[in-house]
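If you're wondering where the values come from, they're calculated on a predicted model, not measured in any experiment. Heavy-atom basis, side chains included; hydrogens, waters and symmetry copies ignored.
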Amino acid sequence: MAAKVIRPGALILAKMVGTAIRQLREGRLGRGRFAKVVLVGHSLGSTLARTVAAAHPAEVDGVILTGESSVPNEAAFEQMGAGIYRAADDPRFAGHGLDDGYLTTRPGLRATWFYHRPNADSKVIAADEATKTTDVFPPGDSYTPPSINKHIQAPVLIVTGEHDKLLAGARSSAALHDQEAPFYSPRAKLETVVVPGTGHVLNGHRIAPHWFAQAREWADRRVGGAAR
């Protein structure tokens, strides 16, 4: 198996999440001890989740990755990147004293890139725009590459939207499985779901409960009821 390639920034975050997992198991977070821990991430959060699962394989019982795949649409990311600018230049954050490292999306970008409008409520999109926050993005070469995924030893479920403009290729669950399977070991017992009529922000679409139910069934079956 190839050596792990985990960027320093991602490794620091992975260690932090790994510490939180150990505290959950030891009963130092929340109420009682957690026998099973499933990591769930979205977009960049999925990058972090699989980084943790690869760096600390014995501490993770399952991984659900949403809004991310091993084959991003690089051209789309570059195009969308042109719509991200200094938060200090955005009316929503004017006067907050933010330095140039804080970025946000230009007005209207979220509707264009994150949603499949026919299956999303316009009020939800408007609320997303009105409550957007700032982000600090790492350099492009800081993201954990998919080559580490073979180190993940827990079951993995990948969920993407049929109309996610930021991901390349697969537009069906079977096609997504064929695309992703080479990046994972057999121990990951990889399963995939492409949610129809949905863009990048899976939870912002009317059909979101569709994949919630599938993820819950997967967790009970692959990880066990103790994951509740």
What I want to check is whether the side chains of [X] and [Y] have a donor and an acceptor closer together than 3.5 Å.
X      : Y      : value
His205 : Thr198 : no
His200 : Asp164 : yes
Ser70  : Gln179 : no
Thr51  : Thr144 : yes

Taking the side chain as every heavy atom from C-beta outward, state whether [X] and [Y] have any pair of such atoms under 4.5 Å apart.
X      : Y      : answer
Ser147 : Phe183 : no
Phe114 : Met80  : yes
Thr160 : Thr66  : no

Working to the nearest 0.5 Å, report the span between [atom1] of [X] and [atom2] of [Y].
X      : Y      : atom1 : atom2 : answer
Thr104 : Asp135 : OG1   : CG    : 7.0 Å
Ile64  : Ser46  : CD1   : OG    : 10.0 Å
Leu103 : Thr134 : CG    : OG1   : 8.5 Å
Thr112 : Ile125 : OG1   : CD1   : 9.0 Å
Thr133 : Arg92  : OG1   : CZ    : 8.0 Å
His151 : His56  : NE2   : NE2   : 13.5 Å

Got a salt bridge between [X] and [Y], using NZ or NE/NH1/NH2 to carboxylate O under 4.0 Å?
X      : Y      : value
Arg25  : Asp61  : yes
Arg33  : Glu26  : no
Arg222 : Glu217 : no
Lys132 : Asp128 : no

**Q.** Contact summary for Arg110 and Thr105, nearest pair of heavy atoms
**A.**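 Smallest interatomic distance, heavy atoms only, reads NH1-OG1, 3.3 Å.
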